[in-house]
Amino acid sequence: MAGRRAALKAIDWLAFAERVPPNQRTMFNNLKTRSDAIAAKLASLPEKPVAIDWSYYRSAVAKAGMVDEFEKKFSALNVPEPVDTQTALINTQEAEANTSAAAYIEASKARIAQYETQLGKFNSMIPFDQMTIEDLNETFPETKLDKEKHPYWPHKPVADL
C-alpha cells in the first residue's frame, strides 16, 4: 500500500481553500472531511492483504476438493491495474491553459498601462465644477459640437445619440 500511496499526489489544501468562494465553503469543508476520512482508512490498511489460511478452510468445509478448487482459482486470479490514459491529456490542457493565462496577463498589463495614462490625464485635469465648456471640449474632444456640419440642435447626428 505504501508504494501506491507514494504515487498519489498530495493535495495542497491551503492553496485550494484560498480559491474557494465563500458561498461554497461548506461544500469544500465536506470534501476535505471526506478526503481525510478516505486517506485515514487507506493509511490504516496493511501493505499487503492478510494471507488466506487455506488449511483452516480445508478443515472447516465438509465438501472435499472445494477449498482446493477455490485456492487454485484464487491463485490464477490476476486483477490488472488500470492504465493511466488521461494524464497526458490533462498535462497538454494544463500547458495550453498556462500559455493562455500568460497571454492574458500580458494583455492585462498593456491595458493597465493604458488605464494608468488615462488616470494620469484625469488626475491632472481641472475639476469638473471649475471647467468651462471650452475646457471640457479641449479635455474631451468627443464632446465638442460641430455646429457647421450639423447646424440644428443637438448638433450631432441622431444616430450618435
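Values below: every heavy atom of this structure, side chains too, minus hydrogens, waters and symmetry copies.
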Atom pair [atom1]/[atom2] of [X] and [Y] - distance to nearest 0.5 Å:
X	Y	atom1	atom2	answer
Asp68	Lys72	CG	NZ	9.0 Å
Asn30	Met27	CG	CE	9.0 Å
Arg19	Asp12	CZ	CG	8.0 Å
Ile38	Leu42	CD1	CG	9.5 Å

Non-neighbouring partners of Thr143 that pass side-chain contact (heavy atoms from CB on, under 4.5 Å), sequence neighbours left out: Leu136, Asn137, Phe140

Tell me the ring pair (Phe, Tyr, Trp, His ring centres under 6.0 Å) pairs involving residues 25-48, sequence neighbours left out? Trp13-Phe28, Phe16-Phe28

For residues 78-100, which residue pairs qualify under ring pair (Phe, Tyr, Trp, His ring centres under 6.0 Å), counting only residues two or more places apart or in two chains? none

Polar side-chain atom of Ser124 near backbone of Gly120 as donor-acceptor pair, under 3.5 Å: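 Checking the backbone N and O of Gly120 against the side chain of Ser124, a donor-acceptor pair under 3.5 Å is found.
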
Check: Leu89 main-chain N/O paired with Thr92 side-chain donor or acceptor under 3.5 Å: yes

Please report, to 0.1 Å, the donor-acceptor pairs under 3.5 Å made by any side chain of residues 127-134, with sequence neighbours excluded.
| residue | atom | partner | partner atom | Å |
| --- | --- | --- | --- | --- |
| Thr132 | OG1 | Glu134 | OE1 | 3.4 |
| Thr132 | OG1 | Asp135 | N | 3.2 |
| Thr132 | OG1 | Asp135 | OD2 | 3.2 |

Contacts of [X] that satisfy side-chain hydrogen bond (donor to acceptor under 3.5 Å, both in side chains) - sequence neighbours left out:
X	result
Ser75	none
Lys121	none
Glu71	Arg58
Asn98	none

Under a single-linkage rule joining Ile, Leu, Val, Met, Phe, Trp and Tyr whose side-chain heavy atoms are separated by less than 4.5 Å, which residues share a cluster with Val67? Ile52, Trp54, Tyr56, Tyr57, Val61, Met66, Phe70, Phe74

Residues two or more places apart in sequence or in another chain: which of them pass salt bridge (Lys or Arg N to Asp or Glu O under 4.0 Å) with Lys41? none

Salt bridge (charged side-chain N to carboxylate O under 4.0 Å, His left out) contacts touching residues 22-37 (sequence neighbours left out): Lys32-Asp36

If you look only at pairs with a residue in residues 88-112, which of them pass as a salt bridge (charged side-chain N to carboxylate O under 4.0 Å, His left out), with sequence neighbours excluded?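 For residues 88-112, and leaving out neighbouring residues, there are no salt bridge (charged side-chain N to carboxylate O under 4.0 Å, His left out) pairs at all.
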
How about OH on Tyr104, more than 12 heavy atoms from neighbouring residues, nucleotides or ligands closer than 6.0 Å, or not? no

